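What follows is a set of notes on a single structure, which appears directly below.
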Amino acid sequence: ISPSHEYRFCLQDRVVCLRQTADALWYRSVFPASALLLDEDAREAQTLAWIQDYFQLEIDLLHLYEEWSTRDPVFNNLRHRFSGIRMLRQDPFECLLSYVHACIMLKDDANYRRFICSSNNNIKRITKMVRSLCTEYSPALLSLPPPDDAIDGFVMESYHPFPAPSALAAPEVATNLRKLGFGYRADFIQKTAKLLVDNHGGP
């Protein structure tokens, strides 16, 4: 049976599209027109390498589940409910702003700890916030129709890469993020981005 749902990831230079069946993972990569001059085999090899690294496919989950089940009876009782779960090797800055517990070392608050976007939040709202962040502070890489192009009256969807720290470091970013619904998180996002730019430079 052909999978109907498609997951899409916007990287800095391509959109990776994934579909899964019971025993296979299907992928394709879509590039902006400016990148189509590159060697197609090289581009596909890069996409496959990214998928393998992002999902850490080199790790033998079945072996780990067996090992953990012998050590933990609670895990053994739950293992079949959570089969296939993997830790993602996400971009560190994206992970910092999206999900993880961030320790922001600031002059006025040296040990303040917060989840930046995920504090007091849920997956649906986190997804919306991250999408707003990308749309507002990163230009669209390309646009695609929905996965099922047989839908009448479909709307093309734009895909924006995650913004670099430099795009979020200016003081006015916090004010704008509050208007977008980030609330108290807006200051932490801007200050974290500025901290990284001040200490490490880069884009």
Side-chain angles (χ1 to χ4, degrees), residues 5-18 27-35 38 43-44 46-57 86-105 114-144 146-147 155-203:
H5 188 77
E6 184 170 271
Y7 297 89
R8 293 176 174 179
F9 301 80
C10 187
L11 309 185
Q12 293 301 314
D13 64 343
R14 72 195 72 191
V15 174
V16 178
C17 306
L18 302 176
Y27 76 92
R28 66 187 176 100
S29 47
V30 184
F31 292 82
S34 59
L38 302 176
R43 287 190 278 121
E44 291 307 317
Q46 290 174 347
T47 298
L48 181 57
W50 177 84
I51 291 171
Q52 290 171 330
D53 180 68
Y54 187 76
F55 291 101
Q56 302 191 65
L57 297 181
R86 290 182 177 272
M87 294 294 291
L88 304 179
R89 187 172 281 127
Q90 193 175 14
D91 174 82
F93 182 61
E94 180 180 343
C95 190
L96 176 68
L97 292 195
S98 303
Y99 308 107
V100 300
H101 210 268
C103 179
I104 308 170
M105 304 301 290
R114 287 276 189 181
F115 286 97
I116 296 186
C117 283
S118 58
S119 179
N120 302 320
N121 225 332
N122 56 64
I123 292 175
K124 183 177 181 181
R125 187 150 186 264
I126 293 168
T127 301
K128 180 181 178 183
M129 292 167 70
V130 171
R131 185 174 288 122
S132 295
L133 196 68
C134 295
T135 302
E136 187 75 11
Y137 290 101
S138 181
L141 181 69
L142 52 85
S143 296
L144 292 173
V155 177
M156 297 287 283
E157 183 173 358
S158 296
Y159 290 86
H160 299 252
F162 200 84
S166 58
L168 302 171
E172 60 269 20
V173 167
T175 301
N176 192 40
L177 290 179
R178 280 193 290 273
K179 293 177 182 177
L180 292 173
F182 282 74
Y184 68 84
R185 301 169 184 85
D187 287 329
F188 296 119
I189 291 172
Q190 184 271 323
K191 289 177 180 178
T192 300
K194 186 176 186 304
L195 185 70
L196 291 173
V197 171
D198 289 347
N199 290 342
H200 303 287

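Note that the structure is predicted; figures quoted are calculated from it, not measured.
Around CE of M156, the count of heavy atoms belonging to other residues, nucleotides or ligands within 6.0 Å exceeds 12.
For the residue pair R89 and Q56, a side-chain donor N or O sits within less than 3.5 Å of a side-chain acceptor on the partner.
Legend: residues meeting salt bridge (Lys or Arg N to Asp or Glu O under 4.0 Å) with R131, ordered by chain and number and at least two apart, are absent. Listed by chain and residue number, S29 satisfy the side chain to side chain donor-acceptor pair (under 3.5 Å) test with E44 (two or more places apart in sequence, or in another chain).
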Table please: side-chain donor-acceptor pairs of residues 194-203 below 3.5 Å, with sequence neighbours left out.
| from | atom 1 | to | atom 2 | distance (Å) |
| --- | --- | --- | --- | --- |
| K194 | NZ | D198 | OD2 | 2.7 |
| N199 | ND2 | L195 | O | 3.4 |

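Atoms CG and CD1, from L57 and I51 in turn, are 8.0 Å apart once rounded to the nearest 0.5 Å. Rounded to the nearest 0.5 angstrom, I189 CD1 and F182 CZ are separated by 5.0 Å. Atom CG of L96 and atom CD of Q90 lie 10.0 Å apart (nearest 0.5 Å). Between L144 atom CG and Y159 atom OH the span is 5.5 Å, to the nearest 0.5 Å. In this structure, L11 CG and T47 OG1 are separated by 7.5 Å, a value rounded to the nearest 0.5 Å.
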(message) For Q190 and E172: C-alpha separation, side-chain torsions, deciding distance, then whether side-chain contact (heavy atoms from CB on, under 4.5 Å) applies.
(response) CA-CA 9 Å; Q190 184 271 323; E172 60 269 20; over 6 Å; no

(message) Could you walk me through whether V130 and L97 satisfy the side-chain contact (heavy atoms from CB on, under 4.5 Å) test, starting with their C-alpha distance in whole Å, then the side-chain angles of each, then the deciding distance to 0.1 Å, before giving a yes or no?
(response) CA-CA 9 Å; V130 171; L97 292 195; over 6 Å; no

(request) Let me see the working for L18 and E6 under side-chain contact (heavy atoms from CB on, under 4.5 Å), right down to the final yes or no. (result) CA-CA 6 Å; L18 302 176; E6 184 170 271; 6.0 Å; no

(message) For F162 and L133: C-alpha separation, side-chain torsions, deciding distance, then whether side-chain contact (heavy atoms from CB on, under 4.5 Å) applies.
(response) CA-CA 8 Å; F162 200 84; L133 196 68; 3.7 Å; yes

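No side-chain heavy atom of V30 sits under 4.5 Å from any side-chain heavy atom of R8. The side-chain heavy atoms of L177 and Y137, taken from C-beta on, include a pair separated by under 4.5 Å.
S138 places a side-chain N or O within donor-acceptor distance of the main-chain N or O of P161, the cut-off being under 3.5 Å. Distance alone, capped at 3.5 Å, places no donor-acceptor pair between the R185 side chain and the R178 backbone.
Taking the six-membered ring for Trp and the full ring otherwise, Y54 and F9 have centroids separated by under 6.0 Å.
Among all heavy-atom pairs drawn from A193 and P165, the shortest one is CB-O, 3.4 Å. Here the shortest heavy-atom pairing between L142 and F31 reads CD2-C, 3.5 Å. Closest approach of R14 to L141, counting heavy atoms only: N-CD2, 3.3 Å.
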